[in-house]
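As structure tokens, the structure follows; a few thoughts come after it.
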Amino acid sequence: MKSFKNFIGGDWVPPIGGEYFENRNPADLSDTVGRFPLSGAADVDRAVESARRGFEVWRNTPAPARGDVLRKLGDIMVKRKDEIADLMTREMGKPLAETRGDVQEGIDTAYYAASEGRRLFGHTVPSELRNKWAMSFRRPIGVAGIITPFNFPMAIPTWKMFPALLCGNACIFKPAEDVPHTGHVLVEMMLEAGLPPEVIQLVHGLGESAGAAIVNHPLIPVISFTGSTETGRMVGEICGRMHKRLSLEMGGKNAMLVFDDANLDLALDGVLWGAFGTTGQRCTATSRLILQDGIHDELLSRLIDRVRDLKLGDGRKDGTDVGPLISQNSLEKVERYIDIGQQENADLLCGGKRPTGKGLENGYFFEPTIFARVRAGMRLEQEEIFGPVLSVLRFRAADEAFAINNDVKYGLSSSVYTQDVNVAMRAMNELDTGITYINAPTIGAEAHLPFGGVKQTGNGHREGGWEVYEFYSETKVGYLDFSGSLQRAQIDNYLGTPD
Ligand code: UN1
């Protein structure tokens, strides 16, 4: 079995404790990808020591030159796109079309970051005093701790690390233990693109050991975490106590609202992609379908027909629509929610169990599932499941649909299907989510726009787009007084009170 290493101190090295974990293909557990380091606090200590040296080199590299490294990295990713998609599907299951999209999101992020190297704007504004200039500019912060999930093994690490690097920070990267191979290849490509070796450190391992050591390390002032709201809360408590800058991207319970006047063919395609793409394992998955009375029965019956046609299987095989779940734990969690839905008297219309088909016996497969007659407030309707389970609700008027959408603790994404521009614009204003799509599903974020959610989905920061550059840099202000005399702000330019 192939054995992988950490990348610490500018070299590929084994974990100090000598322990490893196995990474298996969730579509076929007899297929082992390799063994990866089970790192701990001592590995993180070494990574931090080295990253601090890397930071000194990198912070003094001009931002356009840092951008050039990221552009080259984008070029390398373009060349290796299909190969990476294949290894990514092998370790996390989603079909190749989706893993190719995942790599493309990384490529887009690389090119966007490269262009930011020649921008990274501050402001120059007038001073209130004569012969004095006032301006702001950006400085890097230091070593950034990057902790990422399994569902977008390439896109999410690039969302975090490329802007962090462009701003001049060094990174310590811990990919989810389910997708270490993609993390390994990403770091290989970063080095090939010319990133100075000590600027990036790869520490494999589990959240409770390697992840916790990163979050708790006093010399890592910036943390970016994507994962569950429960873990995010713990990370937030620690970072709060330690005065760290923290970006959290957590759960979702995203809804699609379909109005009577909607194009139903479009809405059907949208909900299938939104609910069952990535086997429902997205923070942006559509997990609630809220249908207006007039089209409820027709859309539901057409949806069930289409769901029955979805082909479950190995994401590396042609024709597969839906891959496996990521792990035994996640399979058991989904099964718990099937029980919960039934106890709550929702109607289980299809799915709800593990499939029996040939070729599916060795993986974490679960049938695409629809519950109808779900009512607002049920656990099925309120809690994030992170699997292929869609709850269907009904509504009469827009206000009711907006209230159902908003009455959950999360607020990442929402989607509205209607031809009525007034309803669409009201939805934009009133839905409590970081993103609203009109006539498109709840997934579809583009790399050059800010991504993130409100309420317990996040903590106010955004990934992607222009906003993430604020997160990874400190604003510094410079005043230059060339008047040759002491000018006292707020005093010497005071206009006096009117008589
Ligand atoms: C996530 O669900 O964790 O548009 C991220 C989207 C994807 C990214 C999703 N590009 O939803």
Extract all donor-acceptor atom pairs below 3.5 Å that involve side chains of residues 154-169 and protein atoms in other chains or at least two apart in sequence.
unit_1 : atom_1 : unit_2 : atom_2 : d
T158   : OG1    : M154   : O      : 3.4
T158   : OG1    : A155   : O      : 2.7
W159   : NE1    : E105   : OE2    : 3.3
K160   : NZ     : S224   : OG     : 3.0
K160   : NZ     : T226   : OG1    : 2.7
K160   : NZ     : E463   : OE1    : 3.3
K160   : NZ     : E463   : OE2    : 3.0
N169   : OD1    : I141   : N      : 2.7
N169   : OD1    : G142   : N      : 3.0
N169   : ND2    : A164   : O      : 2.9
N169   : ND2    : Y472   : O      : 2.9

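A side chain to side chain contact (heavy atoms under 4.5 Å, CB included) with I385 holds for exactly one of T369, L380, L390; it is L380.
A heavy-atom distance below 4.5 Å is found between the side chains of Q328 and Y364. Here the side chains of H184 and W12 are in contact, with some heavy-atom distance below 4.5 Å. Counting heavy atoms from C-beta on, the side chains of V143 and I172 come closer than 4.5 Å. K2 places a side-chain heavy atom less than 4.5 Å from the side chain of F4. A 4.5 Å side-chain heavy-atom check between I338 and F366 finds at least one atom pair inside the cut-off. Side-chain contact check for T433 versus S413: every heavy-atom pair is 4.5 Å or farther apart.
Between the side chain of R66 and the backbone N or O of G117 there is no donor-acceptor pair closer than 3.5 Å. Between the side chain of R282 and the main chain of N151, no donor-acceptor pair closer than 3.5 Å is present. Side-chain atoms of E237 never come within 3.5 Å of backbone atoms of V235 as a donor-acceptor pair (strictly under, hydrogens ignored). Checked by atom type and distance alone, the side chain of D11 never pairs as donor or acceptor with a backbone atom of V13 at under 3.5 Å.
Between the side chains of S39 and N6, at least one donor-acceptor pair of N or O atoms lies under 3.5 Å.
By the 4.0 Å N-to-carboxylate-O rule, E56 lies too far from R53 to be salt-bridged with it. Looking at E383 and K409, no side-chain N of the basic residue comes within less than 4.0 Å of a carboxylate O on the acidic one, giving no salt bridge. With respect to R80 and E188, a salt bridge is recorded, a charged nitrogen being found less than 4.0 Å from a carboxylate O. E474 and R139 are not joined by a salt bridge, as no carboxylate oxygen comes within less than 4.0 angstrom of a charged side-chain nitrogen. Contact check on D68 versus R71 returns a salt bridge, with a Lys/Arg side-chain nitrogen under 4.0 Å from an Asp/Glu carboxylate oxygen. A salt bridge does not link E192 with K79: none of the charged nitrogens is closer than 4.0 Å to a carboxylate oxygen.
With sequence neighbours excluded, the residues forming a side-chain hydrogen bond (donor to acceptor under 3.5 Å, both in side chains) with S228 are T231, listed by chain and number. V69 pairs by the side-chain contact (heavy atoms from CB on, under 4.5 Å) definition with W58, A193, L195, not counting sequence neighbours.
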